[in-house]
Amino acid sequence: MTVSIYNTKSGKKEPFSPLEKDHIKLYVCGITAYDYCHIGHARSTLVFDMIVRYLRYRGFKVTYIRNFTDIDDKIIKRAQEQHTTTEELANRFIKAFREDMESLGNEPPTLEPKATENIPEIIAIIQELITKGFAYEVEGDVYFKVNRFANYGSLSGRNLEDMLAGARISINEQKQNPMDFALWKASKPGEPVWGSPWGAGRPGWHIECSAMSRKFLGDTFDIHGGGKDLIFPHHENEIAQSEASSGKPFVATWIHHGFVTIKDEKMSKSLGNFLTIREILEKYPAEVLRFFVFSTHYRTPLDFSETAMKDAETGLDRLYTCLAEIAKLPVHGDPNQSPAAGKKNVSKINSLVDRFVKAMDNDFNSAQALGHIFEVVKVLNTIRQSLPASPAESDLALLHASAKSIRELAGIMGLLQQEPVAYIKDKQEKTMGLLDIDQAAIESLISDRKIAREQKNWTRADEIRDILLNHQIEIKDEADGSTSWQVKI
RNA sequence: GGCGGCGUAGCCAAGUGGCUAAGGCAGUGGUCUGCAAAACCAUUAUUCAGCGGUUCAAAUCCGCUCGCCGCCUCCA
């Protein structure tokens, strides 16, 4: 079996194999550091975190580069508004981004280069483009000549005539063609500057990725990723720059993920309909967000809503509950007891890894992969529920092994890594802290109810139960006559 | 206007021509219980926006219609 990946360049799913045996080189466009990141950015990092983890699980070595854009128009503007330097502003939000990544439970990339730390490489590539006739300088600006690059538009399926017909491009007198884009921008007064053969200035947006990917991964590498909105112009321009300068193919596979939407509209800074990662993590555990994100295929739009998050949380609880119940079972059982697990169920359990891998091999279909896990959870619950008082050794071994396997697979998405029993308990304690009733009051009510029940005063007993339930306390009458309680989660 | 995508049960969502259209949430029924709750189990689409075509066979391929969204300007 091989991993298949949907390649934006071909518009098809293709069997994937790295250029260098067992070593995958991956470059992902990171953030422009000028503000806190929203859930859309979170999805991007989550998706590639999952992809990298899965490729590693499949035995590949993965070199994963994710850059920071720490110099651009938005950063300059924001820094001026805040009366600070672009450097301070960018560093502040890079730090915030790293905190967010940590909270989300993302593994760090192999390297996280910044544009400003690679200015010499950027200048070198621009010079190469000028020398080869793909770029020209006008009064300290340098532009890429799109007409010179025959394949311009191949990634996004556009051609220059159609784009010009769109007429949404602001006409810049200096450009030879309105579609030409800046490689280097002459600085205006007060802006940060770097020296260059064309005078003091700063790099354009697209060139940094060409320079950094070349520096860390080479002229040609396996996978380049980002959001769908980067296909044009960003990635189109990267291809033009990189291929024009190196004369070699740039990237074998382009992966683009879908957006996060709210009420079916793209979440974005410009629309103002965004929620920051921080705001979400105040309300929901990171694992719930991960579960929510991976419940939908990465190329499909993901519509965020409170209901969807609540559903995700309930689903995640179901998984943890199953694991916690299994963890409570003894490790060893009765070797003479006949097994409760039926043949069909056993084969469903045993095929989990294969089915999971098959789903993930198919363009990282995490939604389907999670579905398989849920299916096995149902089977495990059935077996556990039908266990006799002294369960069979084989049943217990099967349940424990399956739980371990589920946690291992879910770990590829960064899910189910908490101790299941502790997860349930923590959750209850957390809720308990928010309640308007304390333990003593609960126990006192339960003992009142016990008396009522002994007197067969069901009305009073039920009344007490309702009072407790109003305080989010659920009680359970045990077989031995005692009553246990727990916080409703 | 150009290019691309989507439309599957009450909601979310998988489904790369052919076994009973995954799975989750909600709902309903049941096991348990004095009654409950929790947990668990069962159940919920003769049908995949609509129409037509290709095929022995279509949610899946092709065409048209309707609706929604994205990119073409900074954007994950």
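Throughout, protein chains are lettered first and strands after them, A, B, ... in sequence-line order, and every chain is numbered starting at 1.
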Atom CD1 of I51(A) to atom C1' of A76(B): distance rounded to whole Å?
13 Å
Of the nucleotides A76(B), A14(B), G34(B), which one has an atom closest to the side chain of K266(A)?
A76(B)
Tell me what G40(A) touches on the nucleic acid: a base, only sugar-phosphate, or nothing, going by heavy atoms under 4.0 Å.
base
What contact category does K476(A) fall into here, base, sugar-phosphate, or nothing, at under 4.0 angstrom with non-hydrogen atoms?
base
Set out, in order, the CA-CA distance, both residues' side-chain angles and the distance that settles ring-ring contact (aromatic ring centres under 6.0 Å, His included) for F97(A) and F68(A), then state yes or no.
CA-CA 10 Å; F97(A) 175 81; F68(A) 285 113; 5.4 Å; yes
What is the ring orientation for H256(A) with W254(A), classed by angle as parallel under 30°, tilted 30 to 60°, or perpendicular over 60°?
parallel
Looking at D477(A) and U33(B), is any side-chain donor or acceptor paired with a base atom of the opposite kind under 3.5 Å?
no
Checking all strands, does H38(A) fall into the base, sugar-phosphate, or nothing category for heavy-atom contacts under 4.0 angstrom?
base
Is there a donor-acceptor pair closer than 3.5 Å between any side-chain N or O of K114(A) and the backbone N or O of I71(A)?
no
Expected rows: protein N/O vs nucleotides 7-13 of chain B N/O, under 3.5 Å:
none

Nearest to the side chain of R158(A), heavy atoms from C-beta on, is which of C71(B), C40(B), A38(B)?
C71(B)
Strictly below 4.0 Å: does K378(A) bring a side-chain N or O up to OP1 or OP2 of A42(B)?
yes
U20(B) pairs with, by Watson-Crick or G-U criteria that keep both distances under 3.5 Å:
none
Can you say whether the rings of F221(A) and F250(A) are parallel (under 30°), tilted (30 to 60°) or perpendicular (over 60°)?
perpendicular
As its Watson-Crick or G-U partner within any shown strand, both distances under 3.5 Å, C68(B) has G5(B)
Using a 4.0 Å heavy-atom cut-off across all strands, classify S4(A) as base, sugar-phosphate, or nothing.
nothing
When we call it a touch if two heavy atoms are under 4.0 Å apart, what does G30(A) touch: a base, just sugar-phosphate, or nothing?
sugar-phosphate
Pair Y64(A) + Y27(A): ring centers closer than 6.0 Å:
no
Pick base, sugar-phosphate or nothing for V260(A), based on heavy-atom distances below 4.0 Å to the nucleic acid.
base
Closest approach to the side chain of D229(A), judged atom by atom: which nucleotide of G15(B), A38(B), A76(B) is it?
A76(B)
Considering only side-chain heavy atoms of N362(A), which listed nucleotide, C35(B), C74(B), U16(B), is closest?
U16(B)
Heavy atoms only, 4.0 Å cut-off, all strands: where does Q368(A) land among base, sugar-phosphate and nothing?
base
Under 4.0 angstrom, heavy atoms only, what part of the nucleic acid is R355(A) near: base, sugar-phosphate, or nothing?
nothing
How is E325(A) classified with respect to the nucleic acid when contacts are heavy atoms under 4.0 Å: base, sugar-phosphate, or nothing?
nothing
If I pick the P atom on C25(B) and the same atom on C71(B), what distance separates them, to the nearest angstrom?
33 Å
Give the nucleotide from the list C25(B), C40(B), G34(B) with an atom nearest to the side chain of T314(A).
C25(B)
Any base atoms under 4.0 Å from D264(A), or only sugar-phosphate, or nothing? Heavy atoms, all strands.
sugar-phosphate
Quick one, Y36(A) with F93(A), criterion ring-ring contact (aromatic ring centres under 6.0 Å, His included). Give me CA distance, side-chain angles, the key distance, then yes/no.
CA-CA 6 Å; Y36(A) 292 107; F93(A) 286 109; 5.1 Å; yes
Could you tell me how far G10(B) sits from A45(B) if I compare only their P atoms? Round to whole Å.
10 Å
Side-chain-base donor-acceptor pair under 3.5 Å for R384(A) and C40(B):
no
Scan N365(A) against the nucleic acid and name what it touches under 4.0 Å (heavy atoms): base, sugar-phosphate only, or nothing.
sugar-phosphate
Considering only atom P, compute the distance from G5(B) to C62(B) and round it to an integer number of Å.
10 Å
Just checking G227(A): base, sugar-phosphate only, or nothing, at a heavy-atom cut-off of under 4.0 Å?
sugar-phosphate
Go through the steps for D35(A) and R78(A) under the test side-chain contact (heavy atoms from CB on, under 4.5 Å), then give the verdict.
CA-CA 9 Å; D35(A) 204 344; R78(A) 187 64 59 89; 3.3 Å; yes
Any strand counts, and the cut-off is 3.5 Å on both contacts for Watson-Crick or G-U wobble. Which nucleotide pairs with G10(B)?
C25(B)
When you check the phosphate oxygens OP1 and OP2 of C41(B), does a side-chain N or O of N381(A) lie under 4.0 Å from one of them?
yes
Check whether the side chain of R465(A) and the base of A36(B) form a donor-acceptor pair under 3.5 Å.
yes
Nearest-nucleotide check on RNA chain B, L370(A) vs I39(A); residue mapping nearer the 5' end is L370(A)
Could you work out the separation of C61(B) and C48(B) based on their P atoms and round it to a whole Å?
15 Å
Over all strands shown, is R299(A) touching base, sugar-phosphate only, or nothing at heavy-atom distances under 4.0 angstrom?
nothing
Answer with yes or no whether R318(A) presents, from its side chain, a donor or acceptor under 3.5 Å of a partner atom in the base of G24(B).
no
I'd like to check K266(A) versus D229(A) (side-chain heavy atoms, cut-off strictly below 4.5 Å). Are they in contact?
yes
Starting from the 5' end of RNA chain B, give me the residue, H372(A) or F232(A), whose nearest nucleotide shows up first.
H372(A)
Side chain D180(A), main chain N177(A), donor-acceptor under 3.5 Å
yes
Please determine if K358(A) and D361(A) form a salt bridge, counting it only when a charged side-chain N lies under 4.0 Å from a carboxylate O.
no
Which part of the nucleic acid, if any, lies within reach of D462(A) when heavy atoms closer than 4.0 Å are counted: base, sugar-phosphate only, or nothing?
base
Separation between the P atoms of C56(B) and C11(B), rounded to whole Å:
37 Å
